[in-house]
Amino acid sequence: MEFIGLIISVAVTIYLVVDAPKHGKSPVLWGVLGFIFSLLTLGIYWIQTGRKVIGWVLTIVIIIGIILILFAFFALFWFIVDSQ
């Protein structure tokens with residue numbers, strides 16, 4: 001599973017490093033952010049470069065996914081603590 005996340009991060013990083021200079025953006029900055037935050041950075045980058053619809057859709061989906069994962073984690077934690 002981690003391997004898939006690494007592949008996605010590397011692909012996003014390569015895309016951002018190649019595409020950023022075309023829009024007058026820093027390829028190093030966007031590459032580092034893309035590697036660390038992956039698809040969230042890609043969504044924000046698309047918003048910044050004029051591809052607003054796909055950027056907003058991706059950003060909102062990723063944020064909702066993060067919120068759901070956090071809720072699931074805290075629910076599991078609460079269940080474990082409450083059962084003891």
Side-chain angles (χ1 to χ4, degrees):
M1 193 65 146
E2 293 86 16
F3 182 70
I4 295 171
L6 179 63
I7 295 295
I8 291 171
S9 289
V10 169
V12 167
T13 300
I14 292 170
Y15 172 78
L16 291 172
V17 167
V18 170
D19 197 57
K22 297 175 187 174
H23 298 281
K25 307 285 184 188
S26 169
V28 175
L29 173 67
W30 285 102
V32 170
L33 290 174
F35 188 75
I36 296 171
F37 299 110
S38 192
L39 294 174
L40 182 61
T41 303
L42 184 61
I44 293 169
Y45 175 78
W46 281 342
I47 293 168
Q48 289 289 315
T49 57
R51 295 168 274 196
K52 295 189 184 305
V53 174
I54 188 70
W56 277 112
V57 169
L58 182 61
T59 302
I60 290 169
V61 167
I62 295 299
I63 290 172
I64 289 172
I66 291 169
I67 291 170
L68 290 176
I69 289 170
L70 287 173
F71 277 146
F73 174 76
F74 286 120
L76 180 63
F77 180 74
W78 182 263
F79 178 74
I80 291 171
V81 169
D82 195 40
S83 67
Q84 292 180 356

- Cluster question for you: counting only ILVMFWY and a side-chain heavy-atom cut-off of under 4.5 Å, with indirect links fine, are Leu42 and Ile64 together? no
Could you check if a side-chain atom of Leu16 sits within less than 4.5 angstrom of a side-chain atom of Thr13, using non-hydrogen atoms only? no
Using a 3.5 Å distance criterion without hydrogens, assess whether the side chain of Thr41 forms a donor-acceptor pair with backbone atoms of Leu33. yes
#### Entry: Verify same cluster id: Ile67, Leu39 (apolar side-chain graph, 4.5 Å)
yes
Review point. Is Ile8 reachable from Trp30 through a run of I, L, V, M, F, W or Y residues, each pair having side-chain heavy atoms under 4.5 Å apart?
Key: yes
Hey, any chance Val17 and Leu40 share a hydrophobic cluster, counting ILVMFWY side chains that come within less than 4.5 Å of each other, even indirectly?
no
*Counting heavy atoms not belonging to Tyr15, are there more than 12 under 6.0 Å from its OH?*
yes
**Message:** Taking the side chain as everything from C-beta on, heavy atoms only, tell me whether Leu6 gets closer than 4.5 Å to Phe35.
**Reply:** yes
Besides Ile7, the hydrophobic cluster formed by Ile, Leu, Val, Met, Phe, Trp and Tyr side chains linked at under 4.5 Å, directly or via other members, contains Phe3
- prompt: Would Asp19 and Tyr45 satisfy side chain to side chain contact (heavy atoms under 4.5 Å, CB included), going step by step from the backbone distance to the final call?
  reply: CA-CA 10 Å; Asp19 197 57; Tyr45 175 78; 2.8 Å; yes
Would you say Phe71 and Ile63 are hydrophobically clustered, going by side-chain heavy atoms of ILVMFWY under 4.5 Å?
yes
Using a 3.5 Å cut-off and no angle test, enumerate the donor-acceptor pairs between side-chain atoms of residues 52-60 and protein atoms at least two apart in sequence or in another chain.
{"residue": "Lys52", "atom": "NZ", "partner": "Ile47", "partner atom": "O", "Å": "3.3"}
{"residue": "Thr59", "atom": "OG1", "partner": "Gly55", "partner atom": "O", "Å": "2.7"}

